[in-house]
Amino acid sequence: MPSTDRSRRRGATRGAPLVRLRVGFVVIAMVLSFFGARLVQLQGMDPRSYASMAAAEGAVEVPLLAERGDILDRNGIPLADSIQGKMVWADPTLTEDEAPEIARLLSDRLGIDYFRTLEALRGRKDGSQFEYVARRVPSTLATDTVAELEGLGYEGVGLEDDPIRDYPAGDVAANIVGYMGTDEPLGGLERTFDAQLAGTDGVATWQSNSRKGVRIPLRESTIEAPVDGEPLRTTIDRDLQWFTQKVLAQAVDRYRGESGAAVVLDTRTGDVLALADVPTFDANEPTEAREEDLGARSMNLAYEPGSVEKVLTVAALIDAGKSFPRQRFKVPSSLMRQDRPIGDWFDHGTIRLTLAGILAKSSNIGTVLAADAFTPVQLVDYLQRFGLGRRTDIGVRGESPGILGAGEVMTSQAKDRVAFGQSLSVNVVQMAAAVNTIANDGVRVDPSLISGSATTDEGVVVGTDVATRTRVVSRRAAQGTARMMERVLDPEDGVAPAAAVPGYLVAGKTGTAQRVDPECACYRGTSVSFGGFAPADDARFTVYVVVHAPQVDGGGGSIAGPVFSRIMGYVLGRYGVPPTGGTPSRLPVEW
Amino acid sequence: MSSPVPQPRLRVPRIAQDAVDRARLTVVPRTRSRAPRVPFVTLVTVVLVGGIVGLLLFNTSLQQASFAAASLEQQADALAAREQTLRMELDELRNPQRVASEAQEMGMVIPTAPVFLHLGDGEVSGVRAPATPADALRLQPKAPVLPAVLAPPATVVEVPAAPEPAAPSGRDRVRRGDRANSARR
């Protein structure tokens, strides 16, 4: 049969079917065992690294930066805000050859140093592939510049998100608001409330196959949305803050003071409308300022308040029923107390002053005589209720609580000095809040800098929501004291006519205190101050001004008084408070 | 072991003989379907091809949309950045320092005390006092005073005055005349 012949012939070339089958099985088994081994290697040995390698192939991961919360003034105008910015980086392996050309264009457009740019483009280290060229460049400028570079055919310069913190008003409230370092807050509210302001960064990942990061549809993509920081609203009024700073700076400069501070309080709510420090700095350029100017001296520096404190002593005396405005005192030219004489700032023989006269003429001797009705414990107790000796906790970093010795261990000499404002120390807001108590009919309102409430980095909740009110002295005592304080500004009987605001009834008190010089730990120079409120018969604002170590001769009335007058006049007009038309105080100062 | 009872099964055919006869299977005559096959095949083909092409188009349009989304996103980013830059410029324009400088240049001064005009009765309260240039704030800090080492007194060189020529020479006069002529021209 022909067919059998054919098959036999074929069999001869391919071997017997059984042999073929076996050879086939062996081949298949070998191939499968290779597959098996590879499978064990992929899945058994280190599956994760392969999985992540697969995911990284073509994956784009973009950090989504949270926007830092703004710091706002009381009207919602930003004192600090965040805007999109870019960092410009270079890959020196690509830019090295054309470094001078690229550097020239970059330094022209971005306003950066040519030589440092050149250095970055050539690589600061060998083999480096990433160098910062500029940071915090406004977004539009950066994109335009890089587009221009690409148009000219230069490669190797790229952009990355890098938000800019901007302080639109520069030095306005800089001492309170603080400033940012390269990546973290370094001072002020920025640092204290960083947890609230910072927010949380997110991240987006997707698969892409192009250089521009266009995502491949229907492939895995995840977005972890960033949580923007919460804005922080302060009680500061930006324009008033600016005005306060300028007026104060002018006075500090004119009298060659070492530093100065001023605060404006809303009498009824305790809101800090302005808190100025001089010298100050530009928050956009903190590195150009002296380091000691970067903090808030108004809160960090404790000083002896001097005679402004007398109003607290006098209000306490009236409240305790131990004195009254018309009470008569014979004030000698000098008063021996134990080992040391107490004198007045002006020479006089024995004069006959009322309590109002003691305040109007700022007599230390008279105050000491009046305060003899108090034991140290009683006096210190009142002063503590006025808020002295403890922090105001308005949210400013490193606040000094001041020093107020305990009444139980206070000697009578120390008590005498405390009664007229020496041998105790305060910070500016403490003292302003104490004077504000008299303005607010004897009820002390906690001052606040934060509108609403916020938590500091020490975990303290601060703000208007948690401010409390406590009655310190009776309404009658507060109003009596205010009537006496009006006499301080009297052109004939008072010591500070320069503090008057034309048309308004103003109550105030001067202070010229001996100042402790930390270098010699002795009294050297003075701290001159003026605290008061207006309109005196229905107070709306309390202003307190202090100038430290002026080198021109002068007291609280002549140096701080005009500053007070200017600020008070401005704030009354700004908030539309017309004169009350009340009758001025006619309390007798002498008898 | 066999059962003595006769099998009841055997009786059934006898009873239902007719039915069994009738139920006997016969071959069904083969019928040919008259329905044409072409439309069905065409339909299936069209559905298949349509599906594939549709899927392709859908995929393409997705890709296109993705590109469009990317470019729109970029545009949105650019616009957002532009808006922020403008807002920053606006904030700088609203800076009280700048506003005050401009106002002061125009001759405006912040008054020392406010005066109120009551619109109801036209009455004025407050003390009317003119705001004078003396009330103006110094807006820029003074330049820092340099230490003596860095600010040496200016060197003044006194040059003895040259003797004045008694009368302009003729040549001078000519030149001056020339200049006047050229100016007129």
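Side-chain atoms are counted along with the backbone in the values below, which use heavy atoms only and exclude waters and symmetry mates. Each chain gets a letter, A, B and so on, in the order the sequences are listed, and its residues count up from 1.
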- Task: For B/Arg94 and A/Pro78, work out which heavy atoms get closest and say how close.
- Result: NH2-CD, 4.5 Å
- Query: Does the side chain of A/Ile164 reach to within under 4.5 Å of the side chain of B/Met88, using non-hydrogen atoms?
  - Reply: no
- Within 6.0 angstrom of A/Arg254 CZ, more than 12 heavy atoms from elsewhere: no
- Spatial distance of atom OG (B/Ser66) from atom CH2 (A/Trp206) [nearest 0.5 Å]: 9.5 Å
- Query: Do you know which of B/Ser71, B/Ala65, B/Ala113 has the most heavy-atom pairs under 4.5 Å to chain A?
  - Reply: B/Ala113
- Item | Option that, when pairs with chain A are counted at under 4.5 Å, heavy atom only, ranks first among B/Gly126, B/Ala81, B/Pro96, B/Ala129 | B/Pro96
- Output the distance between atom CD1 (A/Ile83) and atom CZ (B/Arg87), rounded to the nearest 0.5 Å. 8.5 Å
- Item | OG-CZ distance between A/Ser139 and B/Arg82, expressed to the nearest 0.5 angstrom | 11.0 Å
- Item | Among B/Asp135, B/Val115, B/Leu137, residue most engaged with chain A (heavy-atom pairs, under 4.5 Å) | B/Leu137
- Note on the structure: Output for pair (B/Gln97 CD, A/Asp239 CG), nearest 0.5 Å, gives 11.5 Å
- chain A contact via B/Leu90 - which portion, at a heavy-atom distance below 4.5 Å: neither
- Item | Proximity breakdown for B/Arg128 and chain A, heavy-atom pairs closer than 4.5 Å | neither
- Task: Using non-hydrogen atoms and a 4.5 Å limit, figure out which bit of B/Thr112 sits close to chain A: side chain, backbone, both or neither.
- Result: both
- From A/Gln84 atom CD to B/Glu83 atom CD, the distance as rounded to the nearest 0.5 Å: 9.0 Å
- Query: Heavy-atom distance under 4.5 Å between the side chains of A/Tyr167 and B/Asn95, does that happen here?
  - Reply: no
- Those residues of residues 572-580 of chain A, ordered by number, that approach chain B below 4.5 Å (heavy atom to heavy atom): A/Leu572, A/Gly573, A/Gly576, A/Val577, A/Pro578, A/Pro579
- Task: Could you tell me whether the side chain of B/Glu92 reaches within less than 4.5 Å of the side chain of A/Asp166, counting heavy atoms only?
- Result: yes
- Note on the structure: Note: vs chain B, highest number of non-hydrogen pairs under 4.5 angstrom among A/Ala249, A/Pro168, A/Pro138, A/Ser565 is A/Pro168
- Message: Please classify the contact of A/Asp171 with chain B as side chain, backbone, both or neither, using a heavy-atom distance under 4.5 Å.
- Response: neither
- Query: Is the closest basic N to carboxylate O distance between B/Arg138 and A/Asp253 below 4.0 Å?
  - Reply: yes
- Measure the spacing between CG of A/Leu79 and CG of B/Asp91 and express it to the nearest 0.5 Å. 10.0 Å
